[in-house]
Number of protein chains: 2
Amino acid sequence: MTASTTIPDTPGTAVLRRFNRTWSQRVGVLEDSFLGLGLPLSRARLLHEVGHDPDVTVRDLRERLDLDSGYLSRLLRDLEDRKLVVLTPDPADRRRRRIHLTRSGARLAARLEDRSEDLAQRLVDPLTVRQRERLLAALGSADLLVRAATVHLERVAPDGPLAAEAMASYVAELDATFPDGFAPGPVAPPEVVVLARSDGATAACGGLQPLGDGTAEVKRMWVSPDWRGAGLGARLLRHLEGLAREAGHERVVLDTNLALTDAVALYERNGYRRTERYNDNPYAEAFFTKDLTQDLTQDLTSPPA
Amino acid sequence: MTASTTIPDTPGTAVLRRFNRTWSQRVGVLEDSFLGLGLPLSRARLLHEVGHDPDVTVRDLRERLDLDSGYLSRLLRDLEDRKLVVLTPDPADRRRRRIHLTRSGARLAARLEDRSEDLAQRLVDPLTVRQRERLLAALGSADLLVRAATVHLERVAPDGPLAAEAMASYVAELDATFPDGFAPGPVAPPEVVVLARSDGATAACGGLQPLGDGTAEVKRMWVSPDWRGAGLGARLLRHLEGLAREAGHERVVLDTNLALTDAVALYERNGYRRTERYNDNPYAEAFFTKDLTQDLTQDLTSPPA
DNA sequence: CCATTTGTCTGACTCAAGTCAGAGATCGGT
DNA sequence: ACCGATCTCTGACTTGAGTCAGACAAATGG
């Protein structure tokens, strides 16, 4: 609660590191709570994961948990020997194997869950209702911010499945937002597609289309509802501007519908100014442009050196 | 950011557990950051600990980190072989051995520190200044609350060193607060002394002295400045009331100085009412009492069952 | 239908992190 | 000077977690 009109010498990371220490000392137990029911941690985590979505394939797990295939195979075998799971070949692709919990596996998974819930409860217990609310609010916003901070921006193939999926989300959202729906004709995807990805899910997307004459158009800016308010839009926008600048463009333009108030605010906040219509997109009501040659935007992502 | 006028079914622990997941996935790396400089984690941690206070004895470390003596011995030997520390017998007690960092040990410890700082910096980096402030504020308050929630209240020997130390802090604070200082005569410690301890440090203290006639006096309530605002005072007070009730007392009384506005507020918030002077303590300006027989105070520490 | 890729599994390791049972010095009290 | 406690160290184990190099079977693309 120190006043923070000036940037302190120790740039907050002290707080972060202290918190990390506190958390891992006192709450690290939450993880270890999976322990003590006869299963080592790795196996318990695996069981938990299987419990969370039945019928996963070995492959899915391997990808999700980033485990060595041999190791995973052995872990699964161990769970199988303990009669906690059964592996059956996937009829659709007989190389794959599907994993189901047995009855006792489900029971154990539930007990692990309870145990972890118990521990969480016990942590929160000594606090007053008021404090509990403060704690949970703090953790909630820290969660969002940490996740936002660790999102990866990656350029993907514009015609790949990831890009297609993101485009579909974008279209679906506009369709739900506009009073008369949104039904664009079949359009080619933009030349550049960037996704913000987190945990294998797409948190935001945006595209870039060269229009010639030193101009690139920003297209399909979209932030998943789960991620609003985490600054992903601004980050993605800056990233796209950077790419445009690298590609030698002198300005970016974009169009938008005025119903998208958040988007309009985002553009205005980031140095975009209204300009005249430059296309015949029937859904577009407002047109923006930003000069990339004069680097007025100070980089907000890193402190002044 | 959901409205929280009603208590949700899933009592926040979901938020907590989700946060735990996020944190350990993304930031757990902070711990592992000690890795990769050629030292395994346990040794790196040990080095870090030694760096933080030079001239520790093996015994101290064993106690502080709760390690098996054989294991610790081996770890230290490993550090010694790597020429990172030197062990010398303690002249005062030649069974003990003191540990010092060598020059290269200190260098490595500093690099470990930097590395962890770097990682923290990198986490925070993609955020805007605004978001960073939000994150650090959230972590700061979560830190305090988590630490508060995991404080242990323990009764200690009134004449032991821990009690003495706490009393000294109490006296020192009052001495600094009162315009004319605070110099009580040599008084016997209260019959019951309870400390709130965290990480081997005392966060708060309080005492209980039977006055006869069904009455117990609450004495020496003190919360360390680091811990103000975490609700420790209320918790300790309730704990003392419980002890008094168990011991068969019907009411508690206490005196205080009006300069201690926080304390006065605490007592009023917790059902204490003003009463007339019952002793001749020259520093006391206000006297409070609370009836223990009617259990009006609902227990705020746990939700209604 | 054949070569290549993909998905799973086995065997043979490594490494970190402990635990447990003493051995041997050293100290403190009597 | 002796006894029991204290401190440190050694040896002999265990367990968990994970890596790496293939082997083998099923799918997939030309």
Side-chain angles (χ1 to χ4, degrees), chain A residues 24 28-29 31-50 55-82 84-100 112 161, chain B residues 24-25 28-29 31-50 55-82 84-100 112:
Chain A
S24 57
V29 196
E31 270 283 289
D32 302 356
S33 73
F34 277 163
L35 241 52
L37 260 52
L39 278 188
L41 191 56
S42 59
R43 284 128 234 239
R45 260 198 298 249
L46 191 54
L47 189 68
H48 180 255
E49 203 67 36
V50 173
D55 263 35
V56 255
T57 63
V58 176
R59 192 176 183 295
D60 291 341
L61 281 180
R62 204 173 61 226
E63 212 162 61
R64 186 150 5 121
L65 304 179
D66 191 36
L67 294 174
D68 175 83
S69 66
Y71 183 38
L72 178 55
S73 174
R74 224 179 302 274
L75 288 179
L76 284 171
R77 174 96 92 95
D78 182 42
L79 291 183
E80 210 177 9
D81 288 349
R82 295 170 195 252
L84 299 172
V85 302
V86 213
L87 296 182
T88 55
D90 183 344
D93 179 343
R94 306 214 6 241
R95 286 170 307 182
R96 302 191 183 181
R97 302 241 272 156
R98 294 192 163 279
I99 310 161
H100 327 267
L112 291 172
Chain B
S24 58
Q25 262 183 17
V29 197
E31 268 285 289
D32 301 356
S33 72
F34 276 162
L35 242 50
L37 258 53
L39 278 189
L41 191 56
S42 59
R43 282 129 236 241
R45 259 198 298 250
L46 191 55
L47 189 68
H48 181 256
E49 202 67 37
V50 173
D55 262 35
V56 256
T57 63
V58 176
R59 193 177 183 294
D60 290 341
L61 280 180
R62 204 173 60 228
E63 212 161 63
R64 188 156 355 129
L65 304 179
D66 191 37
L67 293 175
D68 175 82
S69 66
Y71 181 39
L72 177 55
S73 174
R74 224 179 301 275
L75 288 180
L76 284 170
R77 174 96 91 96
D78 183 41
L79 292 183
E80 209 176 9
D81 288 349
R82 295 170 194 253
L84 299 172
V85 302
V86 212
L87 296 181
T88 55
D90 182 344
D93 179 343
R94 306 210 9 238
R95 288 170 304 182
R96 304 192 183 180
R97 302 240 271 157
R98 297 194 161 278
I99 311 160
H100 325 267
L112 291 172

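Chain letters run A, B, ... following the sequence lines, proteins first, then strands; residues in each count from 1. FYI, side chains are in, hydrogens and waters are out, and symmetry mates aren't considered; it's all heavy atoms of this structure.
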Rounding to an integer number of Å, can you tell me how far [X] [atom1] sits from [N] [atom2]?
{"X": "A:R97", "N": "C:dC9", "atom1": "CZ", "atom2": "C1'", "result": "9 Å"}
{"X": "B:D93", "N": "C:dG29", "atom1": "CG", "atom2": "P", "result": "12 Å"}
{"X": "B:L76", "N": "C:dG18", "atom1": "CG", "atom2": "P", "result": "14 Å"}
{"X": "A:D78", "N": "C:dC9", "atom1": "CG", "atom2": "P", "result": "14 Å"}
{"X": "A:L72", "N": "C:dT10", "atom1": "CG", "atom2": "P", "result": "12 Å"}
{"X": "A:L87", "N": "C:dT10", "atom1": "CG", "atom2": "P", "result": "11 Å"}
{"X": "A:R94", "N": "C:dC9", "atom1": "CZ", "atom2": "C1'", "result": "16 Å"}
{"X": "A:R43", "N": "D:dT15", "atom1": "CZ", "atom2": "P", "result": "12 Å"}

Quick one: list whatever passes salt bridge (charged side-chain N to carboxylate O under 4.0 Å, His left out) with [X], sequence neighbours left out.
{"X": "B:D78", "value": "B:R43, B:R82"}
{"X": "A:D90", "value": "A:R98"}
{"X": "A:R95", "value": "A:D93"}
{"X": "B:R74", "value": "none"}

TODO: Under the side chain to side chain donor-acceptor pair (under 3.5 Å) rule, collect the residues that match up with B:S73, sequence neighbours excluded.
DONE: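 B:S73: no side chain to side chain donor-acceptor pair (under 3.5 Å) contacts found.
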
- [ ] Please name all residues satisfying side-chain contact (heavy atoms from CB on, under 4.5 Å) with B:R77, sequence neighbours left out, ordered by chain then number.
- [x]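 For B:R77, the residues satisfying side-chain contact (heavy atoms from CB on, under 4.5 Å) (neighbours in sequence not counted) are B:E80, B:D81.
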
Task: Partners passing side-chain contact (heavy atoms from CB on, under 4.5 Å) against A:V58 (at least two apart in sequence or in another chain) - done: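 Partners of A:V58 by the side-chain contact (heavy atoms from CB on, under 4.5 Å) criterion, ordered by chain and then number, come out as A:L72, A:L76, A:R97, A:I99.
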
Task: Nearest-0.5 Å distance, CG of residue B:D66 to CD of residue B:E63 - done: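 It comes to 9.0 Å.
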
Open item on the list: Return the CZ to NE2 distance between B:R45 and B:H48, rounded to the nearest 0.5 Å.
Closed with: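 One gets 11.0 Å once the value is rounded to the nearest 0.5 Å.
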
TODO: Identify, residue by residue, the members of residues 56-65 of chain A with a heavy atom below 4.0 Å from DNA chain C, and return them in order of residue number, or none.
DONE: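 DNA chain C contact set from residues 56-65 of chain A: A:V58, A:R59, A:R62.
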
Polar atoms only, N or O, under 3.5 Å: list the protein pairs with nucleotides 20-25 of chain C and their distances.
none

Task: Closest to the A:S42 side chain, choosing from D:dT10, D:dA17, C:dT10 - done: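 Nearest to the side-chain atoms of A:S42, counting from C-beta on, is D:dA17.
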
TODO: Find which nucleotide of DNA chain C each of A:R98 and B:A92 is nearest to by heavy atoms, and output the residue with the more 5' nucleotide.
DONE: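 The residue whose closest nucleotide sits nearer the 5' end is A:R98.
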
